Amino acid sequence: MTKDKINKPSKELPLGFIDRQEKELLVRDFIISNIKEVMINYGFQYLETPSFEYSDSIGKFLPDKDRPDEGVFSFKDENKWLSLRYDLTAPLARYVAKNYLEISKPFKRYQLGTVWRNEKPGPGRYREFLQFDADYVGTKSLQADAELCVMISEILQKCGLEKSEYIIKISSRKITEELFKKINVIDNQQKLTALRALDKIERLGWEGVKQLLGSGRKDQSGDFTKGANLSSECIATIEKELKKKSAKTSDLLEIFKIFNNYNFSNFEFDPSIIRGLEYYTGVIFEVNLKFDVKNKKGQIIQFGSIGGGGRYDNLVNNFGNYDAPATGISIGLDRLVYALIQKKEFKVKQIRPIVICVFEKNSMKDYIKLQTILREADISAEIYPGESKLKKQMEYANKIKSPAVILYGEDEIKSGKPTLRNLSSGKEKTIEIKELVNEIKKII
RNA sequence: GCAGCAGUAGCUCAGUUGGUUAGAGCACUAGUUUGUGGAACUAGGGGUCGGUGGUUCGAAUCCACCCUGCUGUACCA
């Protein structure tokens, strides 16, 4: 095929980037339209911020990140580092700080946008993906946090999920904070390592997590991960405290009350969820699907959550003296699409055109006439785009899954009666032009 | 990043202890049917066997390094 490979551009995609095809995009569109409806009902503003930000605007307040290209795609422009956004929360904080005096307080906005992460992709995880974010900025009220959970639940149900197919897991950073105080862990690095370990309970189980809290753990491939080096008494206390299935912190008790007011019960207290590490300050939540998700080979994969969020009361404050406590939720739309396509036979209709076959170039006027009639009746229709034998045209129509072809050759044109061939049944009918629309509507 | 495994046609793979012109199925192209697709049959195109270097009379097969992919793990703001 290619005799001289040299100098030909590569047809491969960069690591972690993919082409997305119509079926997936239609499901995504369906989800997005549901999101927009719900967002309007809940009174959120629609916002869009640019893909690029100054690196320090979205990163400098994050500890232990001194290089701008750590995890993000960056380049230097006129001596300033620019980065592709890695989430929609950091740009929101920047936006709020920039427009602080003009915007309402509280400020509610939602945003749909592509984000990029320069890290290793996994099943259903890419380096470019679409995120949906809804945030409340400028309120400490847990009513806001509660509404986000109720709202995401409503979106998922609109998308066709049953209540039994997903759950909102909820916890609070205050639990682990108090716990660390109790067992006297004050070293920040040790706290972080311990938090990261606890975040893995779902995947590794308590045994694995305890190893990570202690000296460390060897994985399947034999690779060793260093642990948090806590004493076995501390680990025992952590396990005991976190296995209690009742929440005691004031913020959780309050939000559960609010859930009750909403008659919302599809949540579960789970002290093992940690979510991100740096900026959450209070209530945190995670949206989990309860059915198995498989990869291309049919193996069940570790899918994790499709999104989550929580309270971050200090983020906007990093830009200056703004009192802007906030709470927000992020959903990875591509992951949701990936899961939904498997779970439901989505009745997202891929509309394919009726193909009008071309017999004579000289009759093009007649073909266009038919095409216009169909298109005016809102029926997708096309004149075969090319010059081929009828057989080729039929093969084309079949390949694109066209519901029917119209055969309008010399004889038909003379009598003014095109032939309509149903491509799934193979049946043909020669009919008056004025009946064409009705006959086709019976087929599609 | 670390670790394990893998890389042969567009796709899924076969290729025996290194031995002549590297195979199959699907897909593709053309024809059997010059106004008829999805089935069948016939013929055909397409691979420097991931790359580079080495061992050898001879390498898809052995060795080294690199690249890419998969899985686990770490990081994921």
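Note that the structure is a prediction, hence the values are computed from the model and not measured. Naming: A, B, ... by sequence-line order, numbering from 1 per chain.
- Taking atom C1' on both nucleotides, B:C11 is separated from B:A27 by 7 Å, rounded to a whole Å.
- For B:G35, the base has a donor-acceptor partner in the side chain of A:E412 [N/O atoms by modelled type, under 3.5 angstrom].
- When all heavy atoms are compared, the tightest approach of A:I329 to A:D135 is N-OD2, 4.3 Å.
- Between B:G25 and B:A9, the distance separating the two C1' atoms is 12 Å to the nearest Å.
- Between A:R28 and A:E24, no side-chain nitrogen of the basic residue sits less than 4.0 Å from a carboxylate oxygen of the acidic one, so the salt-bridge criterion is not met.
- A side-chain N or O of A:E412 and one of A:T419 form a donor-acceptor pair less than 3.5 Å apart.
- The phosphate of B:G72 has neither OP1 nor OP2 within less than 4.0 Å of any side-chain N or O from A:R217.
- RNA chain B is contacted by both A:G426 and A:T193; A:G426 maps to the nucleotide lying nearer its 5′ end (nearest heavy atom per residue).
- Rounded to whole Å, the C1' atom of B:A22 lies 35 Å from the corresponding atom of B:G37.
- Pairing of B:A59, defined by two Watson-Crick or G-U wobble distances under 3.5 Å, is not identified with any nucleotide.
- A:Y126 has its ring centre no less than 6.0 Å from the ring centre of A:F17.
- Across all strands shown, B:U21 forms no Watson-Crick or G-U wobble pair with both key distances under 3.5 Å.
- At the heavy-atom level, A:E360 lies nowhere under 4.0 Å from the strands shown.
- Put simply, the side chain of A:Q393 and the base of B:U36 share no donor and acceptor less than 3.5 Å apart.
- When only modelled atom types and interatomic distance are considered, A:T49 and A:Q111 share a side-chain donor-acceptor pair under 3.5 Å.
- Dashed line: the shortest gap from a side-chain N or O of A:R196 to OP1 or OP2 of B:C76 is under 4.0 Å.
- In terms of phosphate contacts, A:K200 brings a side-chain nitrogen or oxygen within less than 4.0 Å of OP1 or OP2 of B:C75.
- Between B:G10 and B:C5, the two C1' atoms lie 25 Å apart (nearest whole Å).
- Nucleotide B:C76 is matched to nothing when pairs are restricted to Watson-Crick or G-U wobble geometry with both distances under 3.5 angstrom.
- With sequence neighbours left out, A:Y312 forms a ring-ring contact (aromatic ring centres under 6.0 Å, His included) with A:Y279.
- Rounded to whole Å, atom P of B:G37 lies 20 Å from atom CD1 of A:I356.
- Residue A:K120 places a side-chain atom within donor-acceptor reach of the base of B:U73, judged by atom type and a 3.5 Å distance cut-off alone.
- Contact annotation for A:L204: backbone-only contact, meaning every heavy-atom pair under 4.0 Å involves sugar-phosphate atoms and none involves a base.
- Taking atom C1' on both nucleotides, B:A60 is separated from B:G1 by 32 Å, rounded to a whole Å.
- For B:U68 and B:G50, the C1' atoms lie 7 Å apart once the distance is rounded to whole Å.
- The interatomic distance linking A:Y126 (OH) with B:C76 (C1') rounds to 17 Å, in whole Å.
- In this structure, B:G46 makes no Watson-Crick or G-U wobble pair, since no nucleotide meets both defining distances under 3.5 angstrom.
- Contact annotation for A:E395: backbone-only contact, meaning every heavy-atom pair under 4.0 Å involves sugar-phosphate atoms and none involves a base.
- B:A24 and B:G47 are spaced 15 Å apart, taking the P atom of each and rounding to whole Å.
- Phosphate proximity of B:G37 to A:R421: absent, as no side-chain N or O sits under 4.0 Å from OP1 or OP2.
- Atom C1' of B:C28 sits at a distance of 38 Å from the matching atom of B:C65, rounded to the whole Å.
- Here A:K389 reaches the OP1 or OP2 of B:G31: one of its side-chain N or O atoms lies under 4.0 Å away.
- Nucleotides of RNA chain B nearest to A:K392 and A:D411 differ in position, and the one nearer the 5' end is that of A:K392.
- The base of B:G38 is not paired with the side chain of A:N398 by any donor and acceptor separated by under 3.5 Å.
- B:A6 is paired with B:U68 under the Watson-Crick or G-U wobble criterion, all donor-acceptor distances under 3.5 Å.
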